[in-house]
Amino acid sequence: MSRIVIENAYLAPVIGDEIDNGHLVIEGGRIAALGAGPAPRIEGARRVDATGCLVTPGLVNTHHHLYQWATQGLYQDSTLFEWLTGLYRTWARMDAEVVHDAAGAGLAWLALTGCTTASDHHYLFPKGRGDLFDAEVRAAAEVGLRFHPCRGSMDRGQSDGGLPPDEVVERTDEILAATIETIDRYHDPSFDSMLRVAVAPCSPFSVSEALLRESAALARERGVRLHTHLAETLDEERHCREQMGCGPVEYMEKLGWLGADVWFAHAVHLHDKDIRRFADTGTGTAHCPSSNARLGAGIARVVELLAAGAPVGLGVDGAASSELTSLAGEMRQAMLFQRAVHGPAALTARQALAMGTLGGARNLGRHNEIGSLEVGKLADIAVWRVDGFRAAVADPVCALVFGPTPPLALLLVGGRTVVENDELRTAAQDRLGRAGARARTRLLGEEVSR
């Protein structure tokens, strides 16, 4: 059984008091002890001197589209609907090789910026292009992150009043059958699971009412979680009111889509009654501040959601709408955007850290396993260097959240080293970077000069 002792560190557990000059003991992939002062002597343990470092839970990314790594930098000045309609047919050309290489690059980037658990929402499955879901599962295993891929779907094309072109949607019966097969093949509900599946039809403007209802029933029958985009833009609000006769949240509630097993991406345009319903039902939100800003969607009402008691985590969103965004950077963006709207006391650095860790774990239903430094929890841990120039910032948590992302001294997933001294240790990061560029070349037919 492997043992690791991290000592001489500043510990920010998220739950409980912070500890200056503390230690943390890992045994068998879980946190066995933590406290102040010198670490105990444990025979055969690897000892990590974390002088000048901040130790936090690993970050939890609750919304992404990894395949979009291959289409970064396109439609730079478009709204969400313009961006989507411009890219749907491009994405329809993806194959398993594109997905694998894009996912590998995207997941490696997440790891190098402090993420230990990542969710991905893959909702487009062109026929005859290989096993796209398996491609990203393999990539996650290679990088070594805890992975929550969502089997997404679209069955409502333009001829049915939806946004996507008809040629990129699937039939409802095919989607449900494929989703069942995916859950049966991949979902692992165990405490230390590295792979869990969620059911995730894409959005109210690309999915039929029947698919939304049946997806909710299927997820609850199989004991997995539900995820989709919701209330991202005012265009979506208008679309729902014109075609469904109500707002997005009211529409989803009618279809059984509020509850403690549900988390929505974005939720930018919520009404007061929507926030109350989220809090009352335990419905979660994946806040994606950089993507929402890039597409001009607006700023989510995070302060009000947190005050009401609703779960809020963070997501970097697809790389094509949030180029090279790190999850640590999203903590800073979330904090600054709320302060820009509500004043400098609106969201603290520690609240932002909690959103990036325990809030994300709540979204994924794993708050008893990850998201805070507590004895018995999985040893998913980030060790950040806050010495050197950052030592002038007296508060280590402030150094992490207020400024640029600090270097990673160590990133552990279940006690296994994934990043050390800012280098990926599970796979060759240069190879993964080149593969991500190759995915773009393959998808777009462009040469990528490097």
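In what follows, every heavy atom counts, from backbone to side chain, and hydrogens, waters and symmetry copies are set aside.
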Query - Donor-acceptor contact present, side-chain Asp380 to main-chain Gly414, <3.5 Å - result: yes

Query raised in the report: Can you check whether Arg366's main-chain N or O pairs, donor with acceptor, with Glu369's side chain at less than 3.5 Å?
Result: no

Query - Plane angle bin for His266 and His229 - parallel if under 30°, tilted between 30 and 60°, otherwise perpendicular - result: parallel

**Report entry** Donor-acceptor under 3.5 Å (Thr283 side chain, Val262 main chain)
**Finding:** no

Query raised in the report: With a 6.0 Å cut-off on ring centres, are Trp91 and Trp69 close enough?
Result: no

Query raised in the report: Is the gap between the ring centers of His121 and His64 under 6.0 Å?
Result: no

Query raised in the report: With distance as the sole test, does Gln76 use its side chain to make a donor-acceptor pair with the main-chain N or O of Gly73 at under 3.5 Å?
Result: yes

Requested in this report: Look at the side chain of Trp263 and the backbone N and O of Thr62, then say whether any donor-acceptor pair between them is shorter than 3.5 Å.
Outcome: yes

Requested in this report: Ignoring hydrogens and angles, tell me if any N or O in the side chain of Asn8 forms a donor-acceptor pair with the backbone of His23 under 3.5 Å.
Outcome: no

**Report entry** Residue pair Arg434 / Asp430, side-chain heavy-atom distance below 4.5 Å
**Finding:** yes

Query raised in the report: If you round to the nearest 0.5 Å, how far is OG of Ser119 from CZ of Arg146?
Result: 14.0 Å

**Report entry** Side chain proximity check, Arg30 to Lys377, heavy atoms < 4.5 angstrom
**Finding:** no

Query raised in the report: Are more than 12 heavy atoms from other residues, nucleotides or ligands located less than 6.0 Å from atom CG of Asp17?
Result: no

Report summary line: From the list Val419, Val55, Val383, side chain to side chain contact (heavy atoms under 4.5 Å, CB included) with Leu410 holds only for Val383

Query - Note: Asp134-Arg185 ion pair, threshold 4.0 Å (strictly below) - result: yes

Query raised in the report: Is a side-chain donor or acceptor of Glu236 paired with a backbone partner of Glu232 at a separation under 3.5 angstrom?
Result: yes

Query raised in the report: Hey, does the Lys NZ or Arg CZ of Arg196 hover above the aromatic six-ring of Tyr186, less than 6.0 Å from the centre and inside 45° of the axis?
Result: no

Requested in this report: Ignoring hydrogens and angles, tell me if any N or O in the side chain of Ser322 forms a donor-acceptor pair with the backbone of Val316 under 3.5 Å.
Outcome: yes

**Report entry** Whether Ser372 side chain and Val14 backbone form a donor-acceptor pair below 3.5 Å
**Finding:** no

Query - Test of ring centre spacing under 6.0 Å for His63 and His65 - result: yes

Query raised in the report: Is any side-chain heavy atom of Leu432 less than 4.5 Å from a side-chain heavy atom of Trp109?
Result: no

